[in-house]
Amino acid sequence: MLFLMAAVLTVGCKNDDTDFSQYINGGASTTTTVINIVYSGTSVTVSGDTNGYVTTNGAHVTVNSGTANDSLLLVLSGSTTDGSLLVYRQRKYGIQLNGLTLNNSNGPAINNQCGKALYLHVADGTTNQLTDGTSYAEQTYDQKGALFSEGQMIILGTGTLSVTGNCKHAIACDDYIIIDENVTLHASSSTGNGIKVNDGLWINNGTLDISVTADAARGIKCDSVVVITGGNTTITTSGDCIYDSSEQDYSSAACIKCDYDFTMSGGTLTMTSSGDGGKGINSSAGVIFSGGTLSAITTGGNDEGKPKAIKATTGITVSGGSFYAKVSKSWACDSGYGTDSTSDAEMLANCVTVVGSPTTKSIAKKQVQIIF
């Protein structure tokens with residue numbers, strides 16, 4: 001059922017993207033409202049706002065289109081060390097980053113309060129930076145990261161976007177995220193997760209570089225499924241364990257932590273976790289790997305937590321591609337099989353399910369390599 005839901009969701013998003021392709025690029029045939037916002041130090045220049053959606057306070061911009069049924073594209077450029085964008089809207093819309101450096105000293109750089117789809121287009125040949133402050137001013141609306149969206153977020157384009165979280169997460173979304181086309185995305189945080197998403201993450205293309213340093217932080221933290229079909233993703237974590245009093249257990253850092261299945265069928269995923277008890281992938285459901293290249297290496301100790309390269313509660317299945325997992329301590333692969341009293345030999349025999357006939361199959365406690 002979960003796979004069916006994921007398939008329907010992905011197809012629906014792809015249809016939205018097709019309908020939106022001209023719109024995101026400012027095509028006159030589909031876009032009725034294009035607003036250009038140029039940041040310059042402590043001020044902004046706004047053009048194209050014929051409906052009076054935009055208000056400004058220095059370089060802090062609020063766009064409120066209410067229930068308007070027009071198509072809306074916001075084109076952002078310029079630079080400021082103390083500015084932001086806050087959007088209220090009840091229909092899907094687009095933001096195009098066209099050479100933007102946006103730093104907010106006391107909140108998110110971009111805060112999307114629209115519950116519908118946000119198409120975030122990183123323009124070809126441009127370099128863009130979003131950074132939040134080390135503390136957030138109290139507000140009545142959610143503020144969960146340097147780039148935050150209440151609704152779905154589809155990240156497109158072929159430019160470069162760097163997002164830095166200094167207070168909370170780098171990128172946060174209360175719905176789902178799809179990363180597509182050949183965008184280059186850097187996400188880093190010293191206080192939270194690189195990407196925190198509630199309803200699923202699909203990586204279909206692009207180059208992702210995610211780095212987090214906080215204790216128990218995750219490169220990707222998803223409350224639903226994580227699906228990788230393409231692209232080149234690199235994730236590093238260096239934080240140690242922390243004690244979670246509510247769970248009465250230690251919580252460790254992980255490159256990817258998901259509450260449902262992790263599925264990979266293509267692309268490249270390289271993960272390194274160096275903190276005590278760190279994980280490569282930590283899935284509360286299964287890990288299903290059928291293609292692409294996956295490498296997970298953990299070098300941390302086991303003073304408080306148990307490091308694992310790949311951990312899955314309901315099993316690890318490998319049926320294609322190149323799969324590599326290695327640890328310095330504990331187990332490279334933990335499929336959820338057995339208990340503390342289960343012998344190492346029995347654990348080893350059940351740590352990975354291999355489907356098919358790989359050309360290389362080497363399964364040991366601290367290192368697993370399977371190549372088709």
Side-chain angles (χ1 to χ4, degrees), residues 194 201 203-212 218-220 222 225-238 252-258 261-302 305-337 344-345 347-372:
L201 172 65
I203 300 173
N204 299 326
N205 207 338
T207 300
L208 279 72
D209 181 12
I210 303 172
S211 175
V212 295
R218 285 71 186 259
I220 294 171
C222 181
V225 298
V226 172
V227 179
I228 299 179
T229 64
N232 187 351
T233 301
T234 302
I235 307 174
T236 60
T237 71
S238 58
S252 61
C255 294
I256 297 176
K257 174 67 176 78
C258 52
D261 286 339
F262 169 88
T263 304
M264 183 171 177
S265 60
T268 300
L269 173 62
T270 305
M271 297 169 287
T272 306
S273 184
S274 60
D276 181 67
K279 311 289 192 296
I281 296 174
N282 185 356
S283 169
S284 298
V287 167
I288 303 99
F289 179 79
S290 61
T293 300
L294 181 154
S295 173
I297 299 174
T298 66
T299 60
N302 57 355
K306 296 180 180 179
K308 309 282 176 62
I310 309 291
K311 178 183 178 183
T313 301
T314 62
I316 302 167
T317 302
V318 179
S319 61
S322 175
F323 178 95
Y324 182 71
K326 182 180 179 181
V327 294
S328 297
K329 301 284 186 180
S330 189
W331 286 82
C333 291
D334 179 352
S335 66
Y337 178 87
D344 278 6
M347 291 281 286
L348 191 61
N350 292 276
C351 68
V352 179
T353 299
V354 179
V355 179
S357 302
T359 57
T360 298
K361 180 182 175 182
S362 174
I363 300 177
K365 180 177 181 178
K366 293 185 178 181
Q367 182 171 297
V368 173
Q369 185 173 33
I370 302 165
I371 302 173
F372 283 83

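All of these numbers come straight from a predicted model, not from anything done at the bench.
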**Study point:** Trp331 side chain reached by Val368 side chain, heavy atoms, under 4.5 Å
**Key:**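 Not touching, per the 4.5 Å side-chain cut-off.
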**Study point:** Side-chain heavy-atom pair Pro358, Ile371 within 4.5 angstrom cut-off
**Key:**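 No, too far: nothing below the 4.5 Å cut-off.
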If you look at every heavy atom in [X] and [Y], which pair is closest and at what distance?
| X | Y | answer |
| --- | --- | --- |
| Asp261 | Ser283 | CA-OG, 4.3 Å |
| Ala364 | Leu348 | C-CD1, 3.5 Å |
| Cys333 | Ile316 | CB-CD1, 3.9 Å |
| Ile310 | Ala296 | CD1-CB, 3.8 Å |
| Gln367 | Tyr324 | OE1-OH, 3.1 Å |
| Lys257 | Ser284 | NZ-OG, 2.9 Å |

Exercise for review: Step through the shown structure and confirm whether more than 12 heavy atoms of other residues, nucleotides or ligands are within 6.0 Å of NZ on Lys365.
Suggested key: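 Correct, the count exceeds 12.
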From [atom1] ([X]) to [atom2] ([Y]), nearest 0.5 Å:
| X | Y | atom1 | atom2 | value |
| --- | --- | --- | --- | --- |
| Ile281 | Arg218 | CD1 | CZ | 13.5 Å |
| Ser295 | Phe323 | OG | CZ | 10.0 Å |
| Leu294 | Thr233 | CG | OG1 | 10.5 Å |
| Leu201 | Phe262 | CG | CZ | 10.0 Å |
| Thr272 | Lys326 | OG1 | NZ | 11.5 Å |
| Thr207 | Ile203 | OG1 | CD1 | 11.0 Å |

Practice item. Could you give me the CA-CA distance, side-chain angles and deciding distance for Leu208 and Ile235, then say whether side-chain contact (heavy atoms from CB on, under 4.5 Å) is met? Key: CA-CA 8 Å; Leu208 279 72; Ile235 307 174; over 6 Å; no
Exercise for review: Might you work through the side-chain contact (heavy atoms from CB on, under 4.5 Å) test for Phe372 and Val354, ending with a clear yes or no?
Suggested key: CA-CA 10 Å; Phe372 283 83; Val354 179; 4.0 Å; yes
Review point. So, Thr229 versus Asn204: side-chain donor-acceptor pair below 3.5 Å or not?
Key: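 Present: a donor and an acceptor within the cut-off.
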Practice item. Return yes if a side-chain donor-acceptor contact under 3.5 Å exists between Thr237 and Ser273, otherwise no. Key: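 Yes.
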Review point. Can any side-chain N or O of Ser335 pair as donor or acceptor with the backbone N or O of Gly315 at less than 3.5 Å?
Key: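 No; judged by distance alone, with no hydrogens or angles, the pair does not exist.
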Review point. Taking the side chain from Thr263 and the backbone from Val227, do they hold a donor-acceptor pair closer than 3.5 Å?
Key: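 Here the side-chain-to-backbone pair does not exist.
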Exercise for review: Just jot down the side-chain hydrogen bond (donor to acceptor under 3.5 Å, both in side chains) partners of Ser274, sequence neighbours excluded, or say none.
Suggested key: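 So Ser274 forms no side-chain hydrogen bond (donor to acceptor under 3.5 Å, both in side chains) with any residue.
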Check your understanding: Given Asp334, which of Lys308, Lys279, Lys311 fulfils the side chain to side chain donor-acceptor pair (under 3.5 Å) condition?
Key ->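 The passing option is Lys308.
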